[in-house]
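One structure is given below, encoded as structure tokens.
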Amino acid sequence: MAHSHMRLVVKSHVEVTCDGVCPTVAMLRPSSGTAQWVVSQSYEVKPWIPAIEYLDSFGNACQRFTLPPGLASIDVESQVIVDDQIASAPSAGFVLVENLPTDSLMYLLPSRYCPSDRAYDKASEVVGDAAPGFGQVAAICDWIRGNIEYRYGVSNESTDAFDTLEAGAGVCRDFSHIAITLCRALRIPARFVSGYLYQLDPMDMHAWFEAYVGGAWHTFDATQEARKAGRVVVSYGRDAADVAFLSNYGPMKVRDMKVTVEKIAARS
């Protein structure tokens with residue numbers, strides 16, 4: 001059976017101003033992987049400065065450069081082939097820790113925004129008698145959608161999953177942090193994903209998560225009721241701390257950021 005897919009063109013334009021010399025690490029470039037294939041790509045930094053690229057410990061492509069004082073812009077355009085449906089796998093069961101692949105084990109540990117070591121009671125209450133594995137993760141997403149309001153301005157860069165549970169509101173990164181925290185508390189490996197979602201409204205960079213159940217990583221999005229496809233992954237990490245699209249080590253202000261995701265006709 002042929003795999004059905006869609007072809008997306010993703011553009012991101014970032015403008016920043018720096019008061020002084022500003023060492024920067026960017027994560028703005030999608031890479032080809034198991035879930036997507038990058039057909040073509042351009043990456044322009046203005047003014048042009050020497051840059052290097054390296055892979056971090058999660059396998060993300062990171063671009064490292066030192067921006068001069070003043071205005072700078074980064075433009076990244078990628079044409080990417082992605083799956084046009086997100087598999088639902090209710091029968092994907094819980095995987096015992098002794099059977100997990102070694103590279104998934106780090107996604108069981110508590111992290112900066114996902115203090116899962118304190119979340120077992122909450123996780124058990126949320127999942128109730130849902131089927132272990134995929135069923136529990138789906139139950140967590142349903143609970144978040146039913147109990148946490150999607151609202152800007154409630155959270156900031158220091159907000160963790162418990163802060164959002166207490167506030168009862170947050171944005172996509174906060175929804176993902178709660179879900180990941182509750183999954184890990186139940187010994188389900190869960191990782192944070194940063195990227196782009198076709199037809200997201202309003203369009204922006206988006207965050208969702210993946211959970212390891214039934215012997216594979218499965219995509220979940222606590223902000224979306226339907227299992228929306230058209231996802232372009234830029235980076236994976238334990239939580240938002242690992243996947244900032246810009247890490248600046250000097251005074252920097254983001255003046256403007258524009259994201260577009262367009263579907264184009266597949267070539268035969």
Side-chain angles (χ1 to χ4, degrees), residues 10 12 14 16 22-36 38 43 51-65 74 76 78 100-119 137 140 144 155-165 170-185 187-197 204-212 217-223 231-250 252 254 257 259:
V10 179
S12 54
V14 186
V16 299
C22 191
T24 303
V25 177
M27 276 193 227
L28 287 165
R29 187 176 83 73
S31 306
S32 295
T34 49
Q36 63 191 26
V38 178
Y43 195 121
I52 62 159
E53 184 166 75
Y54 65 92
L55 294 181
D56 67 10
S57 57
F58 304 97
N60 303 315
C62 303
Q63 302 84 47
R64 182 181 182 184
F65 40 80
I74 305 167
V76 185
S78 312
L100 286 171
T102 309
D103 59 7
S104 71
L105 294 174
M106 67 174 158
Y107 296 110
L108 287 174
L109 300 172
S111 58
R112 165 70 183 84
Y113 298 112
C114 301
S116 50
D117 49 321
R118 298 190 278 125
V137 185
I140 287 168
I144 292 170
S155 55
N156 59 35
E157 282 183 10
S158 64
T159 304
D160 72 13
F162 279 98
D163 297 329
T164 303
L165 282 168
V171 292
C172 57
R173 64 173 253 156
D174 307 308
F175 279 46
S176 298
H177 286 153
I178 294 175
I180 289 167
T181 300
L182 300 180
C183 285
R184 289 180 189 164
R187 295 192 183 153
I188 296 171
R191 64 187 183 186
F192 190 94
V193 188
S194 178
Y196 305 100
L197 173 58
D204 200 349
M205 287 200 80
H206 189 49
W208 62 94
F209 74 103
E210 293 180 3
Y212 193 89
W217 287 104
H218 288 268
T219 297
F220 293 90
D221 189 337
T223 69
R231 292 171 188 271
V232 175
V233 174
V234 174
S235 48
Y236 295 105
R238 290 164 298 193
D239 57 30
D242 294 326
V243 299
F245 72 90
L246 281 180
S247 297
N248 54 298
Y249 299 95
M252 175 193 281
V254 176
M257 178 154 184
V259 171

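Taking the ring pair (Phe, Tyr, Trp, His ring centres under 6.0 Å) definition, one finds that Y196 meets it with nothing, sequence neighbours left out. The side-chain contact (heavy atoms from CB on, under 4.5 Å) test applied to D103 returns P101, not counting sequence neighbours. Residues passing the side-chain hydrogen bond (donor to acceptor under 3.5 Å, both in side chains) test with Q63 are Y43, E53, sequence neighbours excluded.
Put simply, the side chain of Y113 reaches to within 4.5 Å of the side chain of R173, judged on heavy atoms. Contact of the L246 side chain with the T24 side chain is registered, since non-hydrogen atoms from C-beta on lie closer than 4.5 Å. Side-chain contact check for S194 versus M27: every heavy-atom pair is 4.5 Å or farther apart. Put simply, the side chain of P189 reaches to within 4.5 Å of the side chain of L100, judged on heavy atoms. Taking 4.5 Å as the limit, every side-chain heavy atom of I188 sits out of range of all side-chain heavy atoms of Y212. The shortest side-chain heavy-atom distance between S158 and R112 falls under the 4.5 Å cut-off. Contact annotation: the side chain of Y107 approaches that of W217 to within less than 4.5 Å [non-hydrogen atoms, C-beta and beyond]. Contact check for P115 versus T181: side-chain heavy atoms found under the 4.5 Å cut-off.
Side-chain atoms of D117 do not come within 3.5 Å of backbone N or O of P110 as any donor-acceptor pair. Judged by distance alone, the side chain of E210 and the main-chain N or O of F220 form no donor-acceptor pair under 3.5 Å.
Cation-pi geometry between R118 and F162 is satisfied (NZ or CZ under 6.0 Å from the ring centre, within 45° of the ring normal).
For CZ of R238, the number of neighbouring non-hydrogen atoms (other residues, nucleotides, ligands) closer than 6.0 Å is 12 at most. Counting heavy atoms of neighbouring residues, nucleotides and ligands inside a 6.0 Å radius, atom CZ of R64 does not exceed 12 of them.
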- Task: With side-chain contact (heavy atoms from CB on, under 4.5 Å) as the test, would you mind laying out the steps for H206 and V193 before giving the verdict?
- Result: CA-CA 8 Å; H206 189 49; V193 188; over 6 Å; no

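Rounding to the nearest 0.5 angstrom, the gap separating the CG atom in N60 from the OH atom in Y236 is 9.0 Å. Distance check: L197 CG to D221 CG gives 6.5 Å after rounding to the nearest 0.5 Å. We find the CZ-CD1 distance between F65 and I74 to be 4.0 Å, quoted to the nearest 0.5 Å. Separation of atoms CG (L109) and CZ (R184) is listed at 7.5 Å; rounding is to 0.5 Å. Rounding to the nearest 0.5 angstrom, the gap separating the CG atom in L182 from the CD1 atom in I144 is 6.0 Å. Here the OG atom belonging to S176 is positioned 10.5 Å from the CG atom belonging to D239, to the nearest 0.5 angstrom.
The two atoms that bring S155 and D174 nearest to each other are OG-OD2, 2.6 Å, heavy atoms only.
The aromatic ring centres of F209 and H177 sit 6.0 Å or more apart.
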